[in-house]
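Starting from 1, each residue takes its place in the sequence as its number.
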Amino acid sequence: MGGFSLNDLEKIVAERAMASPDQSWTAKLVAAGQTKAAKKLGEEATETVIAAVAQDRKELVGESADLLYHLLVVLKIADIPLQDVLDELQRRTGQSGLQEKASRQPS
């Protein structure tokens, strides 16, 4: 499965989002809306952090996969293509992380 990419996962999420919520977890999340999907993303982020702190490689890999999947579901609901996120990452590579953080407007 070395050729699998986030773009492939984005396509799968888009296809499954159109299925019946009775038949697809993705469709069920999409039907439940952004709040539910974002909460699930937060849960997966927390579980990923816990696995990282525990230095549990197998668990970290699994939770990271869950995190990426749920992020793509949230982006799908928001109608934000993965390419927009990749473009933003590419834009940021032209400067150091410290410079990029300093350039952000305070909230």
Side-chain angles (χ1 to χ4, degrees):
M1 252 191 140
F4 189 77
S5 71
L6 287 177
N7 290 316
D8 295 330
L9 182 57
E10 179 182 42
K11 289 175 189 166
I12 291 167
V13 166
E15 289 170 7
R16 292 184 181 171
M18 297 183 337
S20 166
D22 295 336
Q23 309 240 334
S24 165
W25 171 247
T26 303
K28 191 172 190 164
L29 276 175
V30 170
Q34 190 64 289
T35 299
K36 173 72 173 173
K39 285 180 181 178
K40 188 64 181 161
L41 176 63
E43 290 172 20
E44 298 302 340
T46 300
E47 291 169 1
T48 302
V49 169
I50 291 167
V53 170
Q55 298 182 17
D56 184 333
R57 187 179 195 287
K58 182 179 179 194
E59 199 64 22
L60 180 55
V61 168
E63 294 301 341
S64 295
D66 291 344
L67 179 62
L68 290 171
Y69 161 77
H70 285 89
L71 174 60
L72 290 178
V73 171
V74 166
L75 291 173
K76 171 68 179 160
I77 294 169
D79 198 27
I80 297 172
L82 175 61
Q83 190 59 52
D84 287 3
V85 176
L86 296 175
D87 291 345
E88 177 62 14
L89 287 170
Q90 183 176 21
R91 183 192 67 76
R92 292 179 184 188
T93 61
Q95 57 188 329
S96 78
L98 295 175
Q99 289 172 324
E100 192 279 325
K101 278 188 171 261
S103 72
R104 292 186 197 175
Q105 298 291 329
S107 333

Please assess Leu86 against Gln90 for the test side chain to side chain contact (heavy atoms under 4.5 Å, CB included), listing each intermediate value before the final yes or no. CA-CA 6 Å; Leu86 296 175; Gln90 183 176 21; over 6 Å; no
Can [Y] be reached from [X] by stepping across I, L, V, M, F, W or Y side chains whose heavy atoms are under 4.5 Å apart?
X     : Y     : value
Val74 : Ile12 : yes
Ile80 : Val13 : yes
Leu6  : Leu41 : yes
Leu72 : Phe4  : yes
Leu60 : Ile50 : no

Does any part of the side chain of Val61, heavy atoms only, come nearer than 4.5 Å to the side chain of Arg57, both counted from C-beta? yes
Determine whether Lys40 and Lys36 make a side-chain contact, defined as any pair of heavy atoms from C-beta on separated by less than 4.5 Å. no
Between CG on residue Leu75 and CD on residue Gln34, distance to nearest 0.5 Å: 8.5 Å
Once rounded to the nearest 0.5 Å, what's the spacing between atom CD of Glu47 and atom OG of Ser64? 11.5 Å
For residues Ala37 and Val73, report the shortest heavy-atom separation together with the two atoms involved. CB-CG1, 4.3 Å
Salt-bridge test for Glu43 and Lys39: reply yes if a basic N is under 4.0 Å from a carboxylate O, no otherwise. no
Under a 4.0 Å N-O cut-off, is there an ion pair linking Lys11 with Glu15? no
side-chain contact (heavy atoms from CB on, under 4.5 Å) filter on Ala65, not counting sequence neighbours, yields none
For residues 23-33, which side-chain donor-acceptor pairs fall under 3.5 Å, sequence neighbours excluded?
| from | atom 1 | to | atom 2 | distance (Å) |
| --- | --- | --- | --- | --- |
| Ser24 | OG | Arg16 | O | 3.3 |
| Ser24 | OG | Thr26 | N | 3.2 |
| Ser24 | OG | Ala27 | N | 3.1 |
| Thr26 | OG1 | Tyr69 | OH | 2.6 |

Given the rule in the side chain to side chain contact (heavy atoms under 4.5 Å, CB included) test, do Leu71 and Leu67 qualify, once you have shown the distances and angles that lead to the verdict? CA-CA 6 Å; Leu71 174 60; Leu67 179 62; 5.6 Å; no
